[in-house]
Amino acid sequence: MGLIVQKFGGTSVADPEKIQAAARKAIRAQQQGNRVVVVVSAMGHQTDELIRLAHQVNPRPPAREMDMLLSTGEQVSVALMAMAVQAMGYQAISLTGAQVGIRTDSIFSKARIRSISTQRVQQLLNQGQIVIAAGFQGIDENYNITTLGRGGSDTTAVALAAVLGADQCEIYTDVDGVYTTDPRLLPEARLMDYVSYDEMLELASLGAGVMHSRAIEFGKKFDVPIHVRSSFSDIPGTLITTEPESRTRPVTGAAWVRNEARVTLRGVPDRPGVSLALFAPIAQRNIAVDMIVQNVGADGRADISFTVPHADLEAALEAVEQTARELGAQGVDSNNQVAKLSVVGLGMARQTGVARRMFQALAQAGVNILMITTSEIKISVLVPEEQGLAALRAVHQAFRLHEKPEDAPPPHQGKVQRRGSSNAVAVVEHLRGMEDLLVESVELDDTQSRVTLAGVPDRPGVAAQVFDALGQQGVFVDMIVQSFGREGLASLSFTVNQQDLAAALRVAQQVAQPLGARVSHAEQMAKLSVTGVGMRSHAGVAIRMFEALARQKINIDMTSTSEVRINVVVAREDGSRGLAALREAFADAMA
Ligand code: ASP
Ligand code: MG
């Protein structure tokens, strides 16, 4: 007998008719021979309303009471859903998070799940009940009610599916599934039949907004197939598993995040410990840093840029200004009129020329690239905010995302099979909590060389020109970092395999000369990477890396971050010491 977890979001249970429609879906799944667990969110905008209410009696509502209050939204919907099922003549029982046995830490309003006991739910399922569980909530070790953060019902659903060993987790929502980009921004966006966990993680963090990132992390850790689909139709939606829709396509999705702000420290002394000194105070203020781009500069100094949400810019600047003075940086500047555009695709890891195509598309659209950072499956650029939409359209078009890939498997018709296998449950067993950081690997690639073009004019088309020329010479570029430089001049660094260095330098010189840029390089470099689940949702992973390397007095030359991986480039002679230091720093989180 199958086991299926169905989650209904706020819009899917917004009124009595919708609750009844959801109840019918649960009953149908049971009639098809499944045991059924239903997870529900608060009705409609109930959570927002409760938050408003709280602020009317206290401008700074205490966190514990806030969670007590917000958890009532889901309690209303589980009871109504159970009543609806029973009215249709089937057995159902509602349970709060505590009654299910969802244990969390005590960080109110963003609690993380530590464990879930399955006994009670299993028993009820064995009795033929449809179990209706409240999303978004749990209980800490002192019996306080906690909530998992906005949108947390997704996380409850996938976590329950994981511990119950469900065949799949269906996320019913008000969209048809996951699109190649937000269809409200680009009408040509295409609904995908399949998307991989890693792609979805990057897209979720990019603001695709369809699902809570932590839910996808659970899916990936425990290998739970997640089916995102509309609650208002029976059309199959998007299946999230280990497998991408296409193995040949370099890019599967694109996203644009508007509310970004850039901070740059110019002319920071290039020595061990600088990144740590800079980012630790920011982390202390609980500011989530997004893109981190560090680039070697001229004369032994580096430029470090990063982005934070608009709302955190002032606090970030406060944190940074003191550090900048202490380090003797040459200046700090910022810009909040920027947007981040990213393309994502598992296929990009195995293909050349992807960055080049993206930069070309942007150049043709007249978009100026302010910052670049790449990881194995994502390329992100920072662009002027007013060019964001045009930029998104240009790359969506360039990678033909509106067309279904030729090698896409046939649509899944809603029947879900696990694609890929894992012993995930065993892997995570020794973690303290289910949601703890999981590091899958720490790696060293000591075949790299770095090339830097400093003093590159800040105008559209320059990156395209550089990577075009490299592509024509057949040079495979690995990591790319462009930072915002001095006096409106950017600096562009990339790594290549050492074998390609001579060719890369030749090209770089040719391109640099007419631009008035200077080329420098370092032959013996190494890339250190930490890959895992929760690299960004667990603040401080980058800091832990910086700390471990600083302790070994290892200087970082370049940095790039993504949702699933953080890369740093260091001198080759430091490579194996760096590797050992990182292995030790992440020993407790290793798979
Ligand atoms: N009701 C909560 C919220 O609005 C949880 C959820 O909907 O997933 O954020
Ligand atoms: Mg929601």
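Counting starts at 1 for both ligands and their atoms, following the listed order. Keep in mind that this is a model prediction, so the values were computed, not measured. The chain is numbered in sequence order, starting from 1.
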Requested in this report: For Gly151, counting its heavy atoms only, list the atoms of ligand 1 lying under 4.0 Å from any of them.
Outcome: 3 (C), 5 (C), 6 (C), 8 (O), 9 (O)
Query raised in the report: Is the backbone of Ala316 close enough, under 3.5 Å, to the side chain of Asp312 for a donor and an acceptor to pair up by distance?
Result: no
Query - Min heavy-atom dist Gly152 to ligand 1 below 4.0 Å - result: yes
Report task. Take the angle between the ring planes of His412 and His227 and call it parallel below 30°, perpendicular above 60°, tilted in between. Result -> perpendicular
Query raised in the report: Is Ser153 close to ligand 1, meaning an N/O of one under 3.5 Å from an N/O of the other?
Result: yes
Query raised in the report: How does Glu74 reach ligand 1, if at all, at less than 4.0 Å between non-hydrogen atoms: by side chain, backbone, both, or neither?
Result: side chain
Report summary line: Closest to atom 3 (C) of ligand 1 (heavy atoms only, candidates Met43, His45, Arg150, Gln137) is Arg150
Query raised in the report: Which side chain to side chain donor-acceptor pair (under 3.5 Å) pairs, counting each pair once, include a residue from residues 66-76, with sequence neighbours left out?
Result: Asp67-Thr147
Query - Any N/O pair Gly10/ligand 1 closer than 3.5 Å - result: no
Query - Pair Phe306-Val293, side-chain contact (heavy atoms from CB on, under 4.5 Å): steps then yes or no - result: CA-CA 6 Å; Phe306 58 90; Val293 161; over 6 Å; no
Query - Qualifying residues under side chain to side chain donor-acceptor pair (under 3.5 Å), relative to Arg190, sequence neighbours excluded - result: Glu245
